[in-house]
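Values below: all heavy atoms of this structure, side chains included; hydrogens, waters and symmetry mates excluded. This structure is a prediction, so every number in the text was calculated from the model and none was measured. Labels below follow one simple rule: chain letters A, B, ... track the order of the sequence lines, proteins then strands, and each chain is numbered from 1.
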There are 2 protein chains.
Amino acid sequence: MADNTSYSAQSITVLEGLEPVRKRPGMYIGGTGVDGLHHLIWEILDNSVDEALAGFATRIDITFNEDGSVSVLDDGRGIPVEVHPQTKKSTLETVLTVLHAGGKFGDGGYKVSGGLHGVGSSVVNALSTKLIAEVYLDGKVHRQEYSRGVPTTEVVVTGETKARGTQITFYPDAEIFTTTEFNWNTVLDRCRQQSYLTRGLTIHLEDKRKPETPQSYTFYFESGIEAYVRHIDANKTELFSPPVSIEKDVDGCIIALAMTYTTDFSEHVYTFANNILTIDGGTHLTGFRAAHTRAINDYAKKSGLIREGDGSLTGDDVREGLTAVISVKLGNPQFEGQTKGKLGNPEIRSLIEGVVYEGLTEYLNEHPNEAKKIIEKVALAARARAAARAARETIIRKGALEGMTLPGKLADCTE
Amino acid sequence: MADNTSYSAQSITVLEGLEPVRKRPGMYIGGTGVDGLHHLIWEILDNSVDEALAGFATRIDITFNEDGSVSVLDDGRGIPVEVHPQTKKSTLETVLTVLHAGGKFGDGGYKVSGGLHGVGSSVVNALSTKLIAEVYLDGKVHRQEYSRGVPTTEVVVTGETKARGTQITFYPDAEIFTTTEFNWNTVLDRCRQQSYLTRGLTIHLEDKRKPETPQSYTFYFESGIEAYVRHIDANKTELFSPPVSIEKDVDGCIIALAMTYTTDFSEHVYTFANNILTIDGGTHLTGFRAAHTRAINDYAKKSGLIREGDGSLTGDDVREGLTAVISVKLGNPQFEGQTKGKLGNPEIRSLIEGVVYEGLTEYLNEHPNEAKKIIEKVALAARARAAARAARETIIRKGALEGMTLPGKLADCTE
DNA sequence: GTTAAC
DNA sequence: GTTAAC
DNA sequence: CTGCTT
DNA sequence: AAGCAG
Ligand SMILES: Nc1ncnc2c1ncn2[C@@H]1O[C@H](COP(=O)(O)OP(=O)(O)OP(=O)(O)O)[C@@H](O)[C@H]1O
Ligand SMILES: Nc1ncnc2c1ncn2[C@@H]1O[C@H](COP(=O)(O)OP(=O)(O)OP(=O)(O)O)[C@@H](O)[C@H]1O
């Protein structure tokens, strides 16, 4: 057994301020690769989107600067700059240097917001060699700079402005990240997506990194997630258009769904909770799936398009070729982990299931042509799946006896 | 546009102490359902296991008490109780009430440890209506109690003892969790698993919740992950036994693998990093998979068991029926998120890939009988997969033209 | 979780 | 309205 | 009943 | 691929 005389108070370290973020970035942004790097933008962008969701911002500008930094500017309310009662420091500095400081714990004027932990801005600050925060408020430009989370200036007024809003410019720390080069297409996609999700929001993205080949893009959509579905299907053939569109407000929780089918076989479903892309799904996705599968099965049987005795379509069957975007807005989101990959609120499952079942059933009843196309598509998927399974089992049964060969001329079942 | 006059310093809240944990449990334990509940045990258990990994503890006792609480006792070094220089409070109180306080940031005598954030104990404390910490040190019993993360007593000496170690007893907060009833089998499984992973560690689990039907179990394994594989395969038929066993120390990183195949078709692979079950895998799993697929393909071709022109076995093919346990121990683990579901260290991927490729190739060369069984198994899987795909495509091609019916008599390809 | 039956 | 089944 | 988990 | 959970 090893020596234990040295285990004492001195062995225990208390990480202070933003130290834990730099020491354990994985806990805060998942990793230090290219995904973690882009998380920095998402954290700042999400704050601006939250302002837009709350009705305070209408425009967001993201700029890749020539010096490798990124700027995110919005015309929201601007982070307050006056002294904060708890920290006795500027509220701006508080938000950017103190973990769990935020306006999304009940007050702050955000009815629904993607942010909820109050750590995003601080995390970005901690992981940037330099960060410049500018707040445009009351005709003045308030500015503070930081380095690796530590203020290098006070909050100072550097000029006058007619604008209102916030701009964050940050330089990702190469000591932390394996790469510090942002990907244009990744960010472009995200901007497009956020623009689809928030009616009336303008997002402008500009790449100034190579002055000889500048690029920029502006997104503004009125049509919402139906247009998003159309964009996802851009290089595919849709079975019908416009997509099924369901939007409903239940107890202050807004549920929106747009879906259609394409002629191909892969599933493209994107789920959002308060505009956060929940890449691992969660209760909203589970609820949608249950309702979708059940509604199609019920309709298929009731309408006689498939026979009662034929067995049910599986979830996989009805999802083949499906394109869908689901966006829920709710007051108290619970996400799994700081990276918000999965929505946890258990009540959302049944809420969505109810809304989607009702809405989809109604759609199918009122659109017999589209319904027929859907049922044909998913019934074919079911037959294909059954045939594949049967073929597989034949081989397994036979092969268990005989010897082996690889594909090539295992033509047993091909024709 | 909504009113913005009220957005000011007062709108921003700074959560202090353990408030953020209670306000946003999802960020710290993933959720508040049954999984989140059990996370509490894992956090405390992992601390004891870390003591065992460091060679200071040999025995852990977990008890489900009649009053609904859980106790975890170990014979490790005991959390220090003297005043901590940074907080001016007892180190015990510091560890249990301050986030990011821990002995696993470089000092503390832990060479490898599953803990790394310094938040686990505090999180459990925050989410418990009551927590009792007892430290057995220098012949004395030191004790402190807390309620929802707030100390309700000082650290007091309550008696004498010959033992050394730590015991944490906690009462999960029904205000936080949707259920507060621990699952015997879930915890039993985890104890068994940890015992397999740590040679020479005894883990005792006891259920005193129903005095009329007490149950208890003691785990102690010398054989390690090979025995774990055998246990996973308990109700299955293994193609060969003992399993392939690889263990290697590369630059202070210990890589251990045990694997075999069963006659069934599902894959059972469990990966661990510093004894943490990485449920979403990560770089160790990725490295293993790459090496495994390549080693089997290379051997199959080189040995002539499958022909050169037959195409390659896919990863899915070679994983059908695979049972494996992978355990890596490394100095500076990076996990994705606080719940540690995925290992992030990029260097581990190639490290494992090299070790596994070499070890598995050697095994195959030295065990031609086992090798033959493996190749037969995976080649059959490949043929079955190809046949399934072919059958599926036949249906799709035909079905695109004809009408629809569901399974039932789509016997096209079954015989 | 929803729906059907008692 | 509550309980059992899907 | 459908989906998620091991 | 089977059992549990919502
Ligand atoms: N662009 C902005 N405009 C107005 N207020 C902002 C802006 N960015 C941040 N804030 C304020 O600062 C607070 C802290 O932001 P921060 O990014 O740290 O966390 P959050 O958005 O509350 O939560 P999360 O960590 O989940 O993203 C926010 O709650 C908001 O009140
Ligand atoms: N049973 C124990 N025996 C000895 N020391 C312990 C024990 N439990 C906790 N400690 C000490 O308290 C510190 C803090 O523990 P805590 O659970 O908060 O975090 P951690 O294990 O360091 O990291 P993580 O949050 O990733 O689990 C540990 O680093 C360790 O030094």
When we call it a touch if two heavy atoms are under 4.0 Å apart, what does [X] touch: a base, just sugar-phosphate, or nothing?
{"X": "B:S266", "answer": "nothing"}
{"X": "A:K342", "answer": "sugar-phosphate"}
{"X": "A:R389", "answer": "nothing"}
{"X": "B:F265", "answer": "nothing"}

Are A:T323 and A:Y261 close enough that some pair of their side-chain heavy atoms sits under 4.5 Å apart? no
Roughly how many Å is it from CG in B:D35 to P in E:dC4, rounded to a whole number? 14 Å
Side chain to side chain contact (heavy atoms under 4.5 Å, CB included) evaluation trace for A:R289 with A:V269: CA-CA 10 Å; A:R289 284 185 171 169; A:V269 174; over 6 Å; no
Got a salt bridge between A:E358 and A:K248, using NZ or NE/NH1/NH2 to carboxylate O under 4.0 Å? yes
[X] side chain near [N] phosphate (N/O to OP1/OP2, under 4.0 Å):
{"X": "A:R349", "N": "E:dT2", "result": "no"}
{"X": "A:R294", "N": "F:dG6", "result": "no"}
{"X": "A:T293", "N": "E:dG3", "result": "yes"}

Parallel, tilted or perpendicular for B:H292 and B:F288, by the 30°/60° rule? parallel
